[in-house]
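Predicted, not measured: the structure shown is a model, and the values here were computed from it.
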Amino acid sequence: MSTYVFIIQRMTGLSRLLKLTVCLHAVWVAALLNVLGAQCAYAEASLVPPTITYYYSNQPPFEFIDEEGQASGIAITRALALFQQSNYKIAFAFDSINRGVDNLHAGRYDISTAVSPTKALQRQFLVSEEALYSINLSAIRKQATPPITQIEQMRSVAYAAITDNTFSYIERFLQTQHPLSKRYNVATFSQGMRLVELDKLPYFLTYLNERSDAFDETLTVDLLMELPVHIIISKRHPNANELMSIIDDQMSLREPPKGAF
């Protein structure tokens, strides 16, 4: 074989190798672009992380930490059920009201709930179209104590209330005609009940999920009003609109809630 023919064959082999290398590189680049494109499409389709964090505080029997240190209560059960058939998981974060609200605004917590959201609250938070559940604002009293049939009566009576229960929509109304000098704050539900049982205060203003027969036989409950509890998301949350869209979609799939809880 002449030197010329050998060189030509050698060059032909190198050319084929070069072409193969170029083709493999093109395939690798195309595959990489497909992966990146899929990731970008997913990011555009869903900006919401797979785990949604629900902030809650000490509001028994609706939300509280149980004896095993777990999130518990009617609101917790309803929130779990809401996301049970979705692609999202829900995590629970316990915090004080002030820190919880700050963390909602910062996006460290995603969602929470509010009783009968006011217009002032709606200026800062998105509110779900449907209520997650409803609760009864009630006055617990002794059987012999005069009943509360209208909320206006609370203007002139002393009552206990859990510190975290602000009743802002009620107390704002009461304040227009009478200063709130007769409210006594307690830390827990049991403390409020105890004050009434011992005749220290005539009424315990609180939220109940239903009329209860589990109280002492000397006690009774006056139902003042039924109030809706909505899911809220801070308007400052980076994914506020996407989150609320998910919430409203999930709520639209639920069966209509029955009863006050």
Side-chain angles (χ1 to χ4, degrees), residues 56-68 70-79 81 94 96-97 112-118 131-230 256-261:
Y56 71 106
S57 59
N58 186 41
Q59 303 276 358
F62 307 103
E63 49 187 39
F64 58 95
I65 297 178
D66 64 19
E67 295 177 353
E68 298 179 356
Q70 301 298 314
S72 187
I74 297 161
I76 304 302
T77 301
R78 287 298 178 91
F94 182 86
S96 68
I97 289 181
S112 190
T113 53
V115 180
S116 190
T118 62
L132 183 63
Y133 62 100
S134 295
I135 61 176
N136 293 328
L137 179 63
S138 306
I140 300 173
R141 60 179 173 84
K142 284 283 190 73
Q143 294 275 7
T145 302
I148 298 293
T149 57
Q150 297 181 354
I151 194 64
E152 289 87 348
Q153 292 174 258
M154 299 302 295
R155 290 200 305 260
S156 58
V157 299
Y159 62 93
I162 297 175
T163 303
D164 288 342
N165 287 348
T166 60
F167 311 117
S168 57
Y169 47 91
I170 299 298
E171 293 181 330
R172 191 180 303 111
F173 165 75
L174 298 178
Q175 277 182 317
T176 59
Q177 298 188 29
H178 190 83
L180 284 176
S181 58
K182 295 183 180 293
R183 170 176 171 148
Y184 296 86
N185 288 325
V186 294
T188 64
F189 184 87
S190 59
Q191 288 179 3
M193 292 286 290
R194 190 67 174 158
L195 287 174
V196 174
E197 290 170 348
L198 296 176
D199 289 320
K200 300 294 185 183
L201 289 171
Y203 303 98
F204 175 31
L205 188 64
T206 188
Y207 296 128
L208 294 176
N209 62 305
E210 57 186 352
R211 289 184 183 275
S212 178
D213 298 322
F215 300 150
D216 182 284
E217 61 182 9
T218 64
L219 300 179
T220 189
V221 178
D222 295 326
L223 173 61
L224 301 180
M225 61 179 64
E226 184 178 326
L227 300 163
V229 181
H230 289 261
K258 299 178 181 180
F261 66 98

If you compare all heavy atoms of Pro146 against all heavy atoms of Arg141, which two are closest, and at what distance to 0.1 Å? O-CD, 3.6 Å
Ala187 backbone acceptor or donor facing Gln191 side chain under 3.5 Å: yes
With a 4.5 Å cut-off on side-chain heavy atoms, are Ile140 and Met193 touching? yes
Nearest 0.5 angstrom please: Ser112 OG to His230 NE2, how far? 13.5 Å
CA sep, side-chain torsions, deciding dist, call: Ile135, Leu208, side-chain contact (heavy atoms from CB on, under 4.5 Å): CA-CA 6 Å; Ile135 61 176; Leu208 294 176; over 6 Å; no
Please tell me if the side chains of Ile162 and Phe189 come closer than 4.5 Å, counting only heavy atoms from C-beta onward. yes
Enter the distance from Leu227:CG to Ser116:OG here, rounded to the nearest 0.5 Å. 5.5 Å
Taking all atoms of both residues into account, what is the closest heavy-atom pair of Ala158 and Pro202, and its distance? O-CG, 3.3 Å
Indicate the atoms forming the closest heavy-atom contact of Ala139 with Tyr203, along with that distance. CB-CD2, 4.5 Å
Which heavy atom in Val186 sits nearest to a heavy atom in Ala160, and how many Å separate them? CG1-CB, 4.4 Å
Distance (rounded to the nearest 0.5 Å) between Phe204 CZ and Ser190 OG: 8.5 Å
Answer yes or no: is there a side-chain heavy-atom contact under 4.5 Å between Asn136 and Tyr207? no
Using modelled atom types only, decide if a donor and an acceptor are shared between the side chain of Asp222 and the backbone of Ile148 within a distance under 3.5 Å. yes
Residue pair Tyr56 / Phe64, side-chain heavy-atom distance below 4.5 Å: no
If I take atom OG1 from residue Thr218 and atom CD from residue Gln143, how far apart are they, to the nearest 0.5 angstrom? 7.5 Å
Going by heavy atoms in the side chains, are Leu137 and Val115 under 4.5 Å from each other? no
Applying side-chain contact (heavy atoms from CB on, under 4.5 Å) to Ile65 and Asn58, what does each step give before you reach the verdict? CA-CA 7 Å; Ile65 297 178; Asn58 186 41; over 6 Å; no
What are the two closest non-hydrogen atoms of Ala75 and Tyr133, and how far apart are they? CB-OH, 3.4 Å
Check whether any side-chain heavy atom of Leu205 sits under 4.5 Å from a side-chain heavy atom of Arg183, and report yes or no. no
Could you tell me the separation between the CG atom of Leu224 and the CE atom of Met154, rounded to the nearest 0.5 Å? 7.0 Å
Ile76 versus Ala71, closest heavy-atom pair with distance: CG2-O, 3.8 Å
What distance separates Leu132 CG from Arg78 CZ, expressed to the nearest 0.5 Å? 6.5 Å
I want to check something: taking the side chain as every heavy atom from C-beta on, are Leu219 and Glu197 in contact at a cut-off of under 4.5 Å? yes
